Structure formats: C-alpha cells, structure tokens
Amino acid sequence: MSGPVVIVRSVAALRAQVSAWRKDGLTVALVPTMGALHAGHLSLVKRGLELADCCVASVFVNPTQFGPNEDFARYPRQEELDAAALASAGCHVLFAPDVAEMYPDGFATTVSVSGVSEGLCGAVRPGHFAGVATVVTKLLLQCLPDIALFGEKDYQQLAVIRRFARDLDIPVRIEGVPTLREDDGLAMSSRNAYMTPDQRAIAPWLFRALTGIADGLRAGAKAADLCPMAISGLLKAGFDSVDYIEVRDAASLAPAESLDRPLRILAAARLGKTRLIDNIGVEP
Ligand code: PAF
C-alpha cells in the first residue's frame, strides 16, 4: 500500500479507516507526534511499516503537556510539509485533530503516572508527563493500533508510556526507536530550529558531555564525580543553564552510581530560550 497520505481530523474517521484495515486482516502502527517532522520521526514511520502493514502518524501540538511559560504558542506548525514528508515515508494516514476534537467541552480526566514521571524532566516541567500520558492514552484508544512507536530521545517519556500502557492493560506493543543524530552528534529535534547559528554551534557539547560520562563510567569512575564535571563543562562551552545530568538504571530509571548494570545517562540544558534534552545508554 502506498500513495498520498490521507488526512483525517475526527476520531470517527480514524476509527472507520482502522476498522476497514482490520476487516482486510491488516495490522496497524501508530506514530504519535507534535509535527515539525524531521528524519527522526520518519525513522519511526519506517520502523512502524517494518512491523505492521499500515501506518497512522498523528500530529497534535498537545496544550496540556506545556507549562504556562513554555513554547506552546511558538511550537512550529507546518501541516503541508509534514503531510508531504509522511507521504514520502509511505505513511498511510495523518491524524490531525484540533484541540476541540481531542479535548471536547467538559473534558475532565488526567492520566497521571507516579514513580517514573518524577525527577529528571518531571522535576523541571510539573504536569508535563500527565499531559503526555493523557494524550497518548487517548491516541492509543482512538486508534487501537497493534504497535505504537516513540523515539528514545524522550527516554523518560518512553518509560512513562510503557508504565501506563502496562498498568491500564492497553493492548498495544510499545516500541522505542533509537535517536537519530546530526553529523556532529546533536540529537534531531523539532526544537533545534529555534537555535541561532551560535547556539547551534554550542549544542553538540550536550552529546559530548554524555559520551564523556559514559567513558568515565567504563573506566570505573562514579556518577557523583562525573556529572558535576560535565555540568561545569557545558556551562564553560556556552550553555546558559543545565537542568540536570544524571545517571540512571536503564530499565527502572532509579538513580545509579557505577556501571554494574545497563545504565542510561540523561541530560537537559538550555541555550537561550531553547531547552535541549538528550540521553545515551551504557552497558557494563
Ligand atoms: O514526543 C512527542 O512528540 C509528544 O510528547 C507526544 C508523544 C506526541 C505526545 O504529545
């Protein structure tokens, strides 16, 4: 199946399309996004089409996951470009609901996940993961895909989604897809477009900081020594502030000190008004 992407805006139209596929015995992948699509998103579509017959990508800039002083209003919106990119990747349906379709009058439900939502980005962005969990729960129930794909760049988000999908018995396979990087190591992100050329030149130091910590852990050093040095290095490189750099257990996200099991090193730092996040895995 290939051709132009079909744009649907209502839950009813999405369900009709998915039911038609199901009647033909076809399986369905869902790629939830907020648009401003880049190669990283298209790699999720590609992987979705390796694992299922049909692919739906949703584009919805979800107001409930943005704090009052965050970038909801200026978040890039470019539906025509996104539709063309999805068509070129072989995606079949673009689900693009408006806010009233997603949150009709009287909407009053929040999905909130304790434990994995706390700390890291959860500490700096109160309410963010409840907004993500609520909208992703809705998207999963609206589409009822066999598989839903998310980038590992948002590693804590992926852990939150795995947690509530399991806790709520949502019958879907959650698949994490490795981060795509620019040639200089910067993780691809829709927010990279906010940066000035000077900020863009500094940004790859975030990935270098993570790989430096991974090297230190492999050499036997402790997170408590490595992370403060990495923070100083980022500030010296030109970052305005560092929200966190932490070493966590790769599966549970519990704090970790040394390389005695698979770990994840996660960071968030700010260049002007742009907040960048990144993470890498490190194995014993
Ligand atoms: O990662 C994102 O783009 C968003 O947080 C998601 C998963 C589409 C929910 O709005």
Side-chain angles (χ1 to χ4, degrees), residues 9 11 14 29-45 47-48 55-67 70-79 81-83 85-86 89 91 93-99 101-103 107 109-113 116-117 120-122 124-143 145 147-165 168 170 172-180 187-194 266 268 274-279:
R9 301 196 187 277
V11 175
L14 175 66
L30 172 67
V31 176
T33 83
M34 296 205 300
L37 302 180
H38 50 69
H41 294 112
L42 301 183
S43 76
L44 303 182
V45 171
R47 182 76 184 126
C55 185
V56 175
S58 61
V59 170
F60 179 66
V61 185
N62 173 35
T64 66
Q65 69 186 77
F66 289 80
E70 294 186 348
D71 54 344
F72 175 68
R74 70 177 180 130
Y75 200 86
R77 288 156 173 91
Q78 43 168 66
E79 187 178 285
L81 289 174
D82 288 346
L86 290 170
C91 185
V93 165
L94 164 54
F95 177 47
D98 64 14
V99 173
E101 179 73 4
M102 189 60 82
Y103 299 116
F107 187 86
T109 300
T110 299
V111 178
S112 139
V113 183
V116 284
S117 290
L120 303 170
C121 288
V124 192
R125 305 186 69 189
H128 169 67
F129 286 120
V132 170
T134 303
V135 82
V136 175
T137 301
K138 285 182 62 85
L139 288 164
L140 293 174
L141 297 176
Q142 289 163 348
C143 182
I147 177 159
L149 300 100
F150 300 87
E152 285 185 349
K153 197 195 95 171
D154 297 287
Y155 196 81
Q156 188 178 14
Q157 166 174 283
L158 180 58
V160 168
I161 291 167
R162 284 191 200 286
R163 182 74 263 161
F164 76 70
L168 299 177
I170 300 178
V172 64
R173 167 173 159 197
I174 303 295
E175 179 83 0
V177 177
T179 304
L180 280 200
M188 289 188 187
S189 165
S190 306
R191 290 187 165 103
N192 290 350
Y194 295 156
L266 305 101
T274 306
R275 182 173 183 275
L276 299 178
I277 63 171
D278 200 356
N279 67 85

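For the numbers below, each heavy atom of this structure counts, side chains included, while hydrogens, waters and symmetry mates do not. All of these numbers come straight from a predicted model, not from anything done at the bench. Counting starts at 1 for both ligands and their atoms, following the listed order. Residues: numbered from 1 along the sequence shown.
Between the side chains of N62 and Y103, at least one donor-acceptor pair of N or O atoms lies under 3.5 Å.
Nearest heavy atoms, Q156 versus V116: NE2-O, 2.9 Å.
Per-residue contacts place Q65 under 4.0 angstrom from the following atoms of ligand 1 (heavy atoms of the residue considered): 4 (C), 5 (O), 9 (C), 10 (O). Near V135, with a cut-off below 4.0 Å to any heavy atom, the atoms of ligand 1 are 9 (C), 10 (O).
Of all the heavy atoms of T33, the ones lying under 4.0 Å from any atom of ligand 1 belong exclusively to the backbone.
Ranking protein heavy atoms by distance to atom 2 (C) of ligand 1, first place goes to Q157 NE2, 3.9 Å.
Partner D71 forms a salt bridge (Lys or Arg N to Asp or Glu O under 4.0 Å) with one of R191, R275, R77, R125 and no other, that one being R191.
The shortest distance between side-chain heavy atoms of V177 and S43 falls below 4.5 Å.
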